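Here is the structure we will look at.
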2 protein chains.
Amino acid sequence: MVTKRLLKGLPEDADLRRADSLAREIFSDVANKWALLIIEALGERTLRFSELRDEVEGVSHKMLTQNLRMLERNGLVDRKVHPTVPPRVEYTLTGPGRGLLAAVDAICGWTHQHLGHIEGARRRFDA
Amino acid sequence: MVTKRLLKGLPEDADLRRADSLAREIFSDVANKWALLIIEALGERTLRFSELRDEVEGVSHKMLTQNLRMLERNGLVDRKVHPTVPPRVEYTLTGPGRGLLAAVDAICGWTHQHLGHIEGARRRFDA
DNA sequence: CCGCATCCCTGGGGATACTG
DNA sequence: CAGTATCCCCAGGGATGCGG
């Protein structure tokens, strides 16, 4: 049984409460469209900033930097700056980042698996 | 190898492109904080609207209904209305919904597993 | 109890321009 | 090329109230 407790939990002891609030914070960071798409785009590869922007459909310059900073801050991506001119910055998933990648892959797989069911459900609902 | 293609893909043929755009749409629906927290809250249980609101920390009435509608529309949750007074509405994950639950559980597990690493990474980054 | 509609406001996020 | 900063606008989302 996985330790969940992202849900409303009883206070219990102080350390647990800190851990929970931290967990919820991380979850909120990570559980958003752009972050997950960036992780999926990186996969096992190393990509430059501009490559990422090309790879992630519809992401704006700002959202990309913002999310990359966040992911870097949480230790999910590694940012390597090459001191050349013009600059060259490369992003790679860290070990923990690749751990999350597995979950994202699962979601992507799930999505494609249920395309048909979902399309049907929508049609029924919209009627 | 999972069929991904949530990333910027070459057009190829028309049907594939439709499927891709649908997949991205679903992904955008599903890859958001509240939707995932609701799925996690439901788990294998059946919950009433008000129970869900109590269970999901910080969700507003509006966000909850909105996301529940969306999940219902996509066939991930089943909504059962008991014609009593006062009304009683119960939400349950469908089969596909439980499929997604597995992925969400994975994310929750991942989060707790890496709390320490992330906390450290943050401290280093913020310096 | 549940859910819709309305109002209102904040801040998310796009576009643009400038620096290294 | 990559990143930061600034401006600005619209929609996300909170609060409230009514209806079933």
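As a basis for the values below, the full set of heavy atoms in this structure was taken, side chains included, without hydrogen atoms, waters or symmetry mates. Each chain gets a letter, A, B and so on, in the order the sequences are listed, and its residues count up from 1. This is a predicted model, so every value here is computed, not measured.
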Next item on the list: Please step through salt bridge (charged side-chain N to carboxylate O under 4.0 Å, His left out) for the pair A:Glu119 and A:Arg122, ending with a clear verdict.
Entry: CA-CA 5 Å; A:Glu119 206 173 9; A:Arg122 285 186 174 188; over 6 Å; no

Notebook entry, point to check: To the nearest Å, how far apart are B:Asn32 CG and D:dA11 P?
Noted result: 18 Å

Next item on the list: Compare the minimum distances between each of D:dG3, C:dG3, D:dC1 and the side chain of A:Ser50, then state the nucleotide with the smallest one.
Entry: D:dC1

Next item on the list: Fit a plane to each ring of A:His114 and A:His117, take the angle between them on a 0 to 90° scale, and name the class: parallel (under 30°), tilted (30 to 60°) or perpendicular (over 60°).
Entry: perpendicular

Margin query: Among B:Glu90, B:Glu55, B:Glu51, which residue satisfies the salt bridge (Lys or Arg N to Asp or Glu O under 4.0 Å) criterion with B:Arg45?
Written below: B:Glu55

Item checked: Atom pair distance, as rounded to whole Å: CG in B:Leu68 and C1' in C:dG3 -> 11 Å

Notebook entry, point to check: What's the shortest heavy-atom distance between B:Thr65 and B:His61, and which atoms?
Noted result: OG1-O, 2.8 Å

Margin query: Using a 4.0 Å heavy-atom cut-off to protein, can you give one letter per nucleotide of nucleotides 12-20 of chain D, 5' to 3': B if the base is in contact, S if only the sugar-phosphate is, - if neither?
Written below: -BBB----B

Note to self: Just N and O in the side chain of B:Arg53: are any of them under 4.0 Å from OP1 or OP2 of C:dC1?
What the structure shows: no

Next item on the list: For B:His112 and A:Phe27, run ring-ring contact (aromatic ring centres under 6.0 Å, His included): C-alpha distance rounded to whole Å, both residues' side-chain angles, the deciding distance at 0.1 Å, then the answer.
Entry: CA-CA 10 Å; B:His112 280 95; A:Phe27 192 87; 9.6 Å; no

Next item on the list: Please check the phosphate of C:dC1 (OP1 and OP2 only) for any side-chain N or O of B:Tyr91 closer than 4.0 Å.
Entry: no

Check: How many Å lie between CG on B:Leu64 and C1' on C:dC1, as a whole number?
Finding: 13 Å

Note to self: Could you tell me how far apart A:Arg48 (CZ) and D:dG3 (C1') are, to the nearest whole angstrom?
What the structure shows: 14 Å

Next item on the list: Take atom CZ of B:Phe49 and atom C1' of C:dC1, then tell me their distance rounded to the nearest Å.
Entry: 9 Å

Notebook entry, point to check: Given C:dC4, is OP1 or OP2 found less than 4.0 Å from the side-chain N or O atoms of B:Arg69?
Noted result: yes

Note to self: What is the separation between atom NE2 on B:His82 and atom P on C:dC2, rounded to the nearest whole Å?
What the structure shows: 11 Å

Note to self: From the set C:dC2, C:dC4, D:dC1, return the single nucleotide nearest to any side-chain atom of B:Thr65.
What the structure shows: C:dC4

Notebook entry, point to check: What are the two closest heavy atoms between B:Thr94 and B:Gly75, and how far apart are they?
Noted result: OG1-O, 2.7 Å

Item checked: Interatomic distance, B:Glu51 CD vs C:dC2 C1' [rounded to whole Å] -> 13 Å

Check: Does B:Arg98 use its side chain to pair, donor to acceptor, with the backbone of B:Leu93 at less than 3.5 Å?
Finding: yes

Notebook entry, point to check: Rounded to the nearest Å, what distance is computed from the CE atom of residue A:Met70 to the P atom of nucleotide D:dG3?
Noted result: 15 Å

